[in-house]
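Have a look at the structure below, then the notes.
Every chain is numbered from 1 and lettered A, B, ... according to where its sequence line falls, protein lines coming before strand lines. Just so it is clear, the structure is predicted and the values come from calculations on it, not from any experiment.
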Amino acid sequence: MTTFAAMLRAAPWAATLAPGDLARVESETLVRTCASGTLVCRRGETVEAWIGVVDGLVKMTNVSADGKPTSFVGVSSGGWFGEGSVLKDEPRRYDIVALRESVIAYLPKATFLWLLDISMPFNRFIITQLNERLGQFIGMVEHDRLLGPEARLAHCLAAMFNPVLNPGVQPSLPISQEEFAQLAGLSRQRANQALQRLEQAGLVRIDYGGVTVRDLAGLRQFQG
DNA sequence: TCATTAAATTGTT
DNA sequence: AACAATTTAATGA
């Protein structure tokens with residue numbers, strides 16, 4: 001998945017759009033490349049777009065009420081986020097950082113609302129998306145506070161494999177341990193140790209520059 | 001196709 | 001944070 005056009009072709013909600021409508025979405029969406037480590041969008045800015053990851057990997061850093069970064073969610077190629085903020089008309093509550101050079105699509109708020117008006121499949125897609133994201137955050141609240149680094153990493157990895165939120169992701173996920181550490185909020189050596197423990201438990205296989213998930217259910221339940 | 005080199009990633013201290 | 005070992009990617013014969 002390299003271009004926005006290819007991303008649209010693969011999207012279930014786009015399949016039923018009239019060719020003219022699809023062309024409108026394509027022409028109104030801004031696509032740009034974000035360098036590794038740069039902000040895709042800032043916390044506190046007014047939300048003007050629904051954001052899609054065409055190619056690459058970004059993290060949403062969830063900041064709790066007291067301002068401490070607590071939990072992280074990875075979004076990879078094919079995923080969309082920020083629909084809640086577009087609908088609620090409030091300042092964005094998360095920083096989004098590109099973990100590697102990434103191609104990002106900014107679908108303007110007006111186009112987003114127009115899609116909601118004209119397309120029932122798009123409405124269903126958004127409802128499903130919101131529901132899955134909600135479930136993800138609930139799961140995070142359960143895990144984040146109580147558990148240690150290994151379990152946090154396991155949960156973080158399992159969340160990357162939600163097929164609704166990250167459609168493009170394959171069983172073998174190309175993500176370096178450096179990127180993994182940033183995603184889980186750990187140091188690289190800590191992430192390395194955690195990954196090795198998960199491999200010993202038979203849940204993943206460590207590849208060069210990536211990991212392969214062997215037991216997704218086991219990852220979700222992993223307690224350390 | 002194979003060998004050499006550079007760059008990236010990993011495991012360890 | 002720094003180091004050495006390993007893997008991949010790139011280059012050229």
Side-chain angles (χ1 to χ4, degrees), chain A residues 1-7 10 31-41 51-64 67-79 81 94-105 136 140 143-144 147-163 165-224:
Chain A
M1 180 121 42
T2 316
T3 66
F4 179 58
M7 185 184 188
V31 179
R32 72 183 179 115
T33 300
C34 294
S36 174
T38 61
L39 290 171
V40 174
C41 57
I51 299 178
V53 180
V54 178
D55 188 42
L57 179 67
V58 305
K59 73 169 175 182
M60 312 168 56
T61 71
N62 182 12
V63 179
S64 63
K68 294 171 188 168
T70 52
S71 48
F72 309 87
V73 177
V75 181
S76 69
S77 305
F81 59 86
Y94 314 117
D95 275 332
I96 311 292
V97 179
L99 291 182
R100 68 173 77 129
E101 182 170 294
S102 302
V103 181
I104 304 297
Q136 197 172 61
M140 213 145 48
H143 286 78
D144 249 17
L147 303 175
E150 283 89 359
R152 277 235 313 278
L153 191 95
H155 185 252
C156 198
L157 178 56
M160 294 281 299
F161 281 85
N162 182 317
L165 298 176
N166 284 319
V169 75
Q170 302 290 313
S172 70
L173 183 66
I175 173 174
S176 74
Q177 296 184 5
E178 174 78 42
E179 292 168 331
F180 227 122
Q182 294 185 58
L183 195 56
L186 307 171
S187 67
R188 186 174 71 79
Q189 51 268 59
R190 192 85 195 163
N192 177 281
Q193 290 173 10
L195 276 173
Q196 291 188 34
R197 283 206 54 190
L198 294 180
E199 185 175 45
Q200 284 167 24
L203 300 177
V204 301
R205 179 164 52 83
I206 300 176
D207 310 320
Y208 184 79
V211 294
T212 300
V213 173
R214 311 189 88 110
D215 183 356
L216 185 53
L219 270 184
R220 291 211 173 90
Q221 296 166 9
F222 187 79
Q223 299 287 317

Filtered N/O pairs between nucleotides 2-5 of chain B and protein, under 3.5 Å:
none

Residue mapping more 5' on DNA chain B - nearest nucleotide basis, A/Tyr208 or A/Arg188: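 Its nearest nucleotide lies further toward 5', so the answer is A/Tyr208.
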Quick check: on DNA chain B, is the nucleotide nearest A/Glu179 upstream (toward 5') of the one nearest A/Gln193, or the reverse? Name the residue that is more 5'.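 That would be A/Glu179.
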Distance check, rounded to the nearest 0.5 Å: A/Gln193 atom CD versus A/Arg188 atom CZ?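 Result: 11.0 Å between the selected atoms.
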Using whole Å, report how far [atom1] of [X] lies from [atom2] of [N].
| X | N | atom1 | atom2 | result |
| --- | --- | --- | --- | --- |
| A/Phe180 | B/dG11 | CZ | P | 13 Å |
| A/Ile175 | B/dT9 | CD1 | P | 11 Å |
| A/Asp207 | B/dT10 | CG | P | 10 Å |
| A/Leu198 | B/dG11 | CG | P | 13 Å |
| A/Leu99 | B/dT9 | CG | P | 13 Å |
| A/Glu178 | B/dA8 | CD | C1' | 11 Å |

Looking at every strand, decide which applies to A/Gln196 at a 4.0 Å heavy-atom threshold: base, sugar-phosphate, or nothing.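 Counting heavy atoms under 4.0 Å across all strands, the contact made by A/Gln196 is with sugar-phosphate only.
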Should A/Gln177 be listed as having a side-chain N or O under 4.0 Å from OP1 or OP2 of B/dG11?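 So the side chain of A/Gln177 is within the cut-off, an N or O lying under 4.0 Å from OP1 or OP2 of B/dG11.
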Look at the side-chain N and O atoms of A/Asn192 and state whether any lies under 4.0 Å from the OP1 or OP2 oxygen of B/dG11.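 It does, given that an N or O in the side chain of A/Asn192 lies less than 4.0 Å from OP1 or OP2 of B/dG11.
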Taking the side chain as every heavy atom from C-beta outward, state whether A/Leu173 and A/Met160 have any pair of such atoms under 4.5 Å apart.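 A/Leu173 vs A/Met160: side chains touch.
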Quick check: do A/Leu157 and A/Val211 have side-chain heavy atoms less than 4.5 Å from each other?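 The answer is yes, as the side chains (C-beta and beyond) meet within the 4.5 Å cut-off.
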Just jot down the side chain to side chain contact (heavy atoms under 4.5 Å, CB included) partners of A/Ala154, sequence neighbours excluded, or say none.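 A/Ala154 satisfies side chain to side chain contact (heavy atoms under 4.5 Å, CB included) with A/Leu198, A/Leu219, A/Phe222 only.
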Donor-acceptor check, side chain of A/Ser76 to backbone of A/Val169, threshold 3.5 angstrom: yes or no?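 Between the backbone of A/Val169 and the side chain of A/Ser76 there is no qualifying donor-acceptor contact (under 3.5 Å).
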Given 3.5 Å as the limit, does a donor-acceptor pair link the side chain of A/Thr33 with the main chain of A/Val103, or not?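 Between the backbone of A/Val103 and the side chain of A/Thr33 there is no qualifying donor-acceptor contact (under 3.5 Å).
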Check this for me, if you would: do A/Glu199 and A/Arg205 make a salt bridge, where the nitrogen-to-carboxylate-oxygen distance has to be below 4.0 angstrom?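 No, this pair does not count.
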